[in-house]
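We name chains A, B, ... by the order of the sequence lines, and we start the count at 1 in each one. Basis for what follows: all heavy atoms, side chains included, without hydrogens, waters or symmetry-related copies.
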Number of protein chains: 2
Amino acid sequence: MEGREFKDAVFEQFARVASAFASPKRLEIVDLLAQGPRSVESIAAQTSMTVSATSRHLQVLRNAGLVTSSRDAQRVVYRVADLSVVAAYRALREAAEARIAEVRQLAEAFFGEVDGAEPLGVEELLERSGRGDVIVVDVRPAEEFAAGHIAGAVSMPLADLTERIADLPSDATVVAYCRGPYCVLSAEAVRRLRAAGVAAQRVEAGIDDWRRAGRSLEFGAA
Amino acid sequence: MEGREFKDAVFEQFARVASAFASPKRLEIVDLLAQGPRSVESIAAQTSMTVSATSRHLQVLRNAGLVTSSRDAQRVVYRVADLSVVAAYRALREAAEARIAEVRQLAEAFFGEVDGAEPLGVEELLERSGRGDVIVVDVRPAEEFAAGHIAGAVSMPLADLTERIADLPSDATVVAYCRGPYCVLSAEAVRRLRAAGVAAQRVEAGIDDWRRAGRSLEFGAA
DNA sequence: CTCGTAATCACGCGAATACGTGAATAGGAT
DNA sequence: ATCCTATTCACGTATTCGCGTGATTACGAG
């Protein structure tokens, strides 16, 4: 095989992977699956798609080797194939952040009022939880909490948050995290906590940032 | 703006970036530009495309914010917008390597005979050049050498290699590098060097790996 | 000013993709 | 065996993309 043929063949394969990422809905699916395995139906619900469209997108991702599926009784469960996939998603996201002004504008518009100056990063989170003066709350669905969460965090899914605010010490300071920098759950949680008079802040990091920082995860239900 | 709208808008932007990467030819262009700035015509020549097709691809990349252009007399020179773009390209490549069997097969078929067991990585290269028992040769075009090369390397573009083999000490051991793991230049160089009786090995790392490893670069012509 | 070179634009064809709707299939549960 | 649920497949249409050809614009040299 000559140089040009080889190049064409290799870049063709790279493009297969990039094409699989090249759809907003598929990126959203990868973002979700980075939190843990999920069934088609539950992915469809989370992403506001029909089951059929979701299934099709998942097949595209599977053909590109980015996700794998396995059967669990009636359900087909999808998961990311390995961490290189999450890393590629993250790198794309970071390039978009750096290069596309709209991304920064959107984030500022949506998170600006909640975050005030800056949301917490992994380091600040560690520091503050090390001092023991904050409660770290995971506001993702219980399913995702069970699939891996920050060591020491309390599960308080957004859906149940309102009724569970009463469980918190009234003088508590809460830091809420969810799926990552563009996940809306923690922002909404912070709004509701503050409305209830609880001091609260959003953490920008998600479970993948935590893992990448080499910090320990815990598994299983609360 | 509600959660769903925000998500849709944000992932739409991420997909813009991914779509720009989702073409073999554009990936090849990014690979090239990661070596240094280039004019449209020279990109067209390197990638076996017409100038017109190249120009169009470059515009797609520019619309996605991945490259920038500036005029230099008659020429328009393109360059990668920043290192997050190279990082994203690298992450995509690594995901493809990890997940697509064809990539490994192609690489094995093309590089297998040249590399023997394993090509050198950044670490081995450092170690061996530290011992001073090898000559590090950069076989990329002189233009790319000038735009940044491994400190201490000798420029010997593939095109001139045959006539310059005589300049090498006959007992030399050469390690050749080029643009990165899928660049064919160093493989071809190693074949020719060995055919001329010179001990030679290929380095898999390219200039971007070297930079990421925090090693120093040199600039300017040989 | 005119010429030549570099780059971009305009048009058009064929291929690939997205997505909705509804039918078909695969496993368990009864 | 039959029903139910979760998932996948098939089909049709609208849209987008890739790329070649040839015209057009931008700039500098003579």
Side-chain angles (χ1 to χ4, degrees), chain A residues 4-5 7-30 32-33 37-64 66-79 143, chain B residues 4 7-9 11-30 32-33 37-64 66-79 143:
Chain A
R4 171 47 50 194
E5 289 170 65
K7 272 192 173 176
D8 285 349
V10 165
F11 283 104
E12 178 73 40
Q13 298 304 320
F14 295 168
R16 260 175 78 185
V17 170
S19 304
F21 277 115
S23 142
K25 290 299 188 182
R26 287 199 291 271
L27 286 164
E28 199 175 339
I29 291 175
V30 171
L32 249 190
L33 291 183
R38 269 181 180 272
S39 70
V40 178
E41 194 177 29
S42 115
I43 295 168
Q46 284 287 326
T47 56
S48 317
M49 282 193 287
T50 62
V51 170
S52 153
T54 306
S55 173
R56 173 169 301 245
H57 280 304
L58 285 166
Q59 283 170 61
V60 173
L61 289 169
R62 190 172 49 197
N63 285 338
L66 303 185
V67 307
T68 59
S69 62
S70 59
R71 231 192 160 94
D72 168 25
Q74 298 104 313
R75 301 218 151 101
V76 175
V77 172
Y78 282 84
R79 67 199 74 223
E143 186 181 7
Chain B
R4 171 49 47 197
K7 272 192 174 177
D8 286 349
F11 284 104
E12 179 73 40
Q13 299 303 320
F14 295 170
R16 261 175 78 186
V17 170
S19 303
F21 277 115
S23 142
K25 290 300 188 182
R26 286 198 292 270
L27 286 164
E28 200 175 340
I29 291 175
V30 171
L32 250 189
L33 291 182
R38 268 178 180 276
S39 70
V40 178
E41 193 177 32
S42 116
I43 295 168
Q46 284 286 328
T47 56
S48 316
M49 282 193 288
T50 62
V51 171
S52 148
T54 305
S55 172
R56 172 169 301 249
H57 280 303
L58 285 165
Q59 283 171 62
V60 173
L61 289 169
R62 191 173 47 195
N63 284 338
L66 303 184
V67 307
T68 58
S69 63
S70 59
R71 226 186 167 98
D72 169 23
Q74 296 105 315
R75 299 220 152 98
V76 176
V77 172
Y78 282 84
R79 67 199 74 226
E143 186 181 5

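At the phosphate of D:dA6, neither OP1 nor OP2 sits under 4.0 Å from any side-chain N or O atom of A:R71. Contact annotation: A:Q59 side-chain N/O to D:dC9 OP1/OP2 distance is under 4.0 Å. Look at A:Y78 and you'll find a side-chain N or O under 4.0 angstrom from OP1 or OP2 of D:dT8. Between B:H57 and D:dC19, a side-chain N or O to OP1/OP2 separation shorter than 4.0 Å is present.
A:S19 comes within 4.0 angstrom of nothing in the nucleic acid, heavy atoms only. Residue B:V51 is in base contact, counting any heavy-atom pair closer than 4.0 Å across all strands shown. The residue B:R56 sits close to a base: some heavy atom pair falls under 4.0 Å. Note on B:S52: a base of the nucleic acid sits closer than 4.0 angstrom, heavy atoms only. Residue-level contact check: A:V40 touches the backbone only, with heavy atoms under 4.0 Å from sugar-phosphate atoms and none from bases.
Side-chain atoms of A:S55 never come within 3.5 Å of backbone atoms of A:V51 as a donor-acceptor pair (strictly under, hydrogens ignored). B:R26 places a side-chain N or O within donor-acceptor distance of the main-chain N or O of B:S19, the cut-off being under 3.5 Å.
One can place CD of B:E41 at 8 Å from C1' of C:dT5, the figure rounded to the nearest angstrom. What separates CZ of B:F11 from C1' of C:dA18 is a distance of 19 Å, to the nearest Å. Per the geometry, CE belonging to A:M49 stands 15 Å off P belonging to C:dT21, to the nearest Å. Look at CG on B:N63: it is 12 Å from P on C:dT8, rounded to the nearest Å. In this structure, CZ of B:R62 is placed 13 Å from C1' of C:dC9, rounded to the nearest angstrom. Distance CG (B:L58) to P (D:dG18): 13 Å, rounded to an integer number of Å.
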Residue pair A:Q46, A:S42: steps toward the side chain to side chain donor-acceptor pair (under 3.5 Å) verdict: CA-CA 6 Å; A:Q46 284 287 326; A:S42 115; over 6 Å; no
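Taking every side-chain heavy atom of B:S39 into account, C:dA7 is the closest of C:dA29, D:dG18, C:dA7. Closest to the side chain of B:Q74, out of C:dA7, D:dC27, C:dT8, is D:dC27.
In summary, the side chains of B:Q13 and B:R16 do present a donor paired with an acceptor at a separation below 3.5 Å, with no hydrogens or angles considered.
Under the 4.5 Å side-chain criterion, counting only non-hydrogen atoms from C-beta, A:E28 is not in contact with A:M49.
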